[in-house]
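Structure first, then comments.
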Amino acid sequence: MAQTVGIAGFGTIGTAVATRIARDLPGLELLAISAGRRDVAETRLRSLDLTVPVVSAGELAASCDIIVECAPTAAFLSIAEPALAAGRTLITVSGAAILEHPGIVDVARAGGGQIILATGALLGLDAVRAAAEGVIHSVRMVTRKPPRSLRTAKYVVENGIDLDSLAEPLLLFRGSAREGARAFPSNVNVAAALGLAGIGADRTELEIWADPTKLRNCHRIDVDADSARFGFEIENIPTDENPGTGRITALSMIAALRAIRAPLRVGT
Ligand SMILES: NC(=O)C1=CN([C@@H]2O[C@H](COP(=O)(O)OP(=O)(O)OC[C@H]3O[C@@H](n4cnc5c(N)ncnc54)[C@H](O)[C@@H]3O)[C@@H](O)[C@H]2O)C=CC1
Ligand SMILES: O=C([O-])CC(=O)C(=O)O
């Protein structure tokens, strides 16, 4: 029998995931979505030829086995709480929101639900999780994004930083992944996920650069552990709709969804 899926947040990621579930994820059925703006969502659903209702987060939690959360960080709790209290599986890439609301893990435990924080726009969380079973000495991440990917970042807007006339790379932030995720909640969910996978967000070191020489959202990670030393880099192609979000993020959620029903799972 098919498992039913609800999508909360019908923007850049949500639209890509919904389209793929409807066409190419056997064993999963898209049942409903919830959205910030019902009228916009209904128009988009029609243009994609998808006939599912737009419902509230509560109705999504009541009717769907799996909730794919792709809404802004501020909406995370209102979607995650009812879903997990009802024992649902919540797939998300909102690492920053989980750091801000750690109690959500207790809600999942009490309700019998599960949060799957998909790898999102990052790589190597499998190796970081494995290393964390031993002793990790340090984790360092450097993010470099083109100015257009950071223009709407909370920290940039609140501090009135003009990134449009940048002639050379500008260091916007240096500190812990926790502080970074708080200042840039829509831009370094990946740093939050890295912190959660490894030695915690407080000990994970982060730099964020606005770099006019870059066309892609780039992350460099270096890990030093008692089992291995490793480093890796990813250059994410920004989506047209929301340059802060790389194209691979939605694909990561689709891969996580496919794994739920797959007879063979590859990777931890
Ligand atoms: N971990 C990772 O690698 C990445 C994580 N993200 C995170 O994923 C989330 C979604 O990103 P995008 O699709 O690019 O954002 P987006 O801005 O394109 O879409 C978000 C959608 O959610 C809707 N929305 C607003 N309030 C809502 C509510 N209360 N309930 C349901 N929907 C609501 C908005 O109207 C919008 O359509 C963000 O939290 C972002 O920070 C984004 C990129 C990478
Ligand atoms: O971390 C994020 O939220 C998004 C990101 O860097 C990317 O898409 O490359």
Side-chain angles (χ1 to χ4, degrees), residues 6-18 32-45 54-61 67-83 91-101 116-125 141-146 148-150 152-154 177 180-197 206 208-211 214-221 233-253 255-256:
I7 296 199
F10 201 44
T12 311
I13 298 172
T15 304
V17 175
I33 66 160
S34 74
R37 289 200 34 205
R38 171 182 286 273
D39 52 340
V40 176
E42 285 175 342
T43 305
R44 184 169 291 179
L45 281 167
V54 181
V55 301
S56 70
E59 288 170 291
L60 215 58
I67 317 294
V68 182
E69 189 278 314
C70 347
T73 316
F76 173 81
L77 218 48
S78 67
I79 295 160
E81 258 181 348
I91 303 184
T92 180
V93 281
S94 294
I98 294 175
L99 277 191
E100 275 304 299
H101 307 289
I116 299 177
L117 177 56
T119 306
L122 202 60
L123 76 178
L125 292 188
M141 174 164 166
V142 180
T143 291
R144 293 176 188 274
K145 291 194 180 189
R148 74 187 183 104
S149 292
L150 287 160
T152 58
K154 181 167 169 266
R182 196 165 281 157
F184 296 79
S186 311
N187 288 268
V188 288
N189 281 289
V190 281
L194 178 65
L196 289 162
L206 174 66
I208 303 173
W209 293 77
D211 188 338
K214 299 285 182 206
L215 293 173
R216 297 185 175 191
N217 297 331
C218 303
H219 305 293
R220 163 89 210 169
I221 289 150
E233 279 182 10
I234 188 164
E235 298 184 3
N236 292 319
I237 300 177
T239 54
D240 295 332
E241 306 87 331
N242 184 0
T245 291
R247 282 187 198 172
I248 201 166
T249 313
L251 299 181
S252 165
M253 290 192 119

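Just follow the structure's listing: the first ligand is 1, and inside any ligand the first atom is 1.
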note = If we number the atoms of ligand 1 from 1 as shown, the ones under 4.0 Å from a heavy atom of Gly120 are 3 (O)
key: Which of the ligand 1 atoms, numbered from 1, are nearer than 4.0 Å to a heavy atom of Val190   = 3 (O)
message = Checking a contact table here: which protein heavy atom is nearest atom 43 (C) of ligand 1, and how many Å away?
response = Thr245 OG1, 3.4 Å
task = Pull out every atom of ligand 1 sitting under 4.0 Å from any heavy atom of Thr249, numbered as shown with elements.
result = 2 (C), 3 (O), 4 (C), 43 (C), 44 (C)
ask   = Can an N or O of Arg37 be found at a distance shorter than 3.5 Å from an N or O of ligand 1?
value = no
ask   = What is the closest protein heavy atom to atom 33 (C) of ligand 1, and at what distance does it sit?
value = Gly36 N, 3.2 Å
task = Tell me which protein heavy atom sits closest to atom 20 (C) of ligand 1, plus the residue, atom name and distance to 0.1 Å.
result = Cys70 O, 3.6 Å
key: Atoms in ligand 1 flagged as close to Thr73, the criterion being non-hydrogen separation under 4.0 Å   = 39 (O)
task = Report yes if some heavy atom in the side chain of Ile91 is under 4.5 Å from a heavy atom in the side chain of Ile67; otherwise report no.
result = no
inquiry  = Considering non-hydrogen atoms of the protein only, which is the closest contact for atom 9 (O) of ligand 2, and what is the distance?
reply    = Asn236 ND2, 2.9 Å
ask   = If you measure from each non-hydrogen atom of Ile13 to ligand 1, which part falls under 4.0 Å: side chain, backbone, both or neither?
value = both
ask   = Which atoms from ligand 1 have a heavy atom of Ala71 less than 4.0 Å away?
value = 9 (C), 10 (C), 22 (O), 32 (N), 33 (C), 38 (C), 39 (O)
task = Answer with yes or no whether Ala96 contacts ligand 2, where contact means a heavy atom under 4.0 Å from a ligand atom.
result = no
ask   = Considering only the protein, which heavy-atom contact is closest to atom 2 (C) of ligand 2, and what is its distance?
value = Asn187 O, 3.2 Å
message = Is any side-chain heavy atom of Val190 closer than 4.5 Å to one of Ile234?
response = no
inquiry  = Show the atoms of ligand 2 that are less than 4.0 angstrom away from any heavy atom in Val190.
reply    = 1 (O), 6 (O)
task = Enumerate the atoms of ligand 1 whose separation from the nearest heavy atom of Gly11 is less than 4.0 angstrom.
result = 18 (O), 19 (O), 21 (C), 37 (O)
task = Could you walk me through whether Ser94 and Glu69 pass the side-chain hydrogen bond (donor to acceptor under 3.5 Å, both in side chains) test, one step at a time?
result = CA-CA 8 Å; Ser94 294; Glu69 189 278 314; 3.0 Å; yes
inquiry  = With heavy-atom distances below 4.0 Å as the criterion, list the atoms of ligand 2 near Val188.
reply    = 1 (O), 3 (O)
remark   = min-distance protein heavy atom vs atom 8 (O) of ligand 2 -> Gly246 N, 2.6 Å
Nearest-neighbour protein heavy atom for atom 6 (O) of ligand 2, which is reported as residue plus atom name and distance = His219 NE2, 2.7 Å
query = Quick one: are Thr15 and Glu241 in side-chain contact, heavy atoms under 4.5 Å?
reply = no
query = Looking at ligand 2, does Arg216 have a heavy atom less than 4.0 Å from it?
reply = no
inquiry  = Within ligand 2, which atoms have a heavy atom of Gly244 less than 4.0 Å away?
reply    = 4 (C), 5 (C), 7 (C), 8 (O)
ask   = What about Thr245: any of its N or O atoms under 3.5 Å from an N or O on ligand 2?
value = no
query = Looking only at N/O atoms, are Gly14 and ligand 1 under 3.5 Å apart anywhere?
reply = no
request  = Considering heavy atoms of the protein only, find what lies nearest to atom 7 (C) of ligand 2 and give residue, atom and distance to 0.1 Å.
outcome  = Ala121 CB, 3.4 Å
note = With heavy atoms and a 4.0 Å threshold, my read on which part of Ser186 contacts ligand 2 is backbone
message = Counting only nitrogen or oxygen atoms and a 3.5 angstrom limit, does Asn242 reach ligand 1?
response = yes
inquiry  = At less than 4.0 angstrom from any non-hydrogen atom of Asn189, what atoms of ligand 2 do you find?
reply    = 1 (O), 2 (C), 3 (O)
task = Looking only at protein heavy atoms, identify the closest one to atom 5 (C) of ligand 2 and say how far it is in Å.
result = Lys145 NZ, 3.2 Å
key: Under-4.0 Å heavy-atom contact with ligand 1, by part of Ala121 that carries it   = both
message = Once you restrict to heavy atoms under 4.0 Å, what part of Phe76 touches ligand 1? Side chain, backbone, both or neither.
response = neither
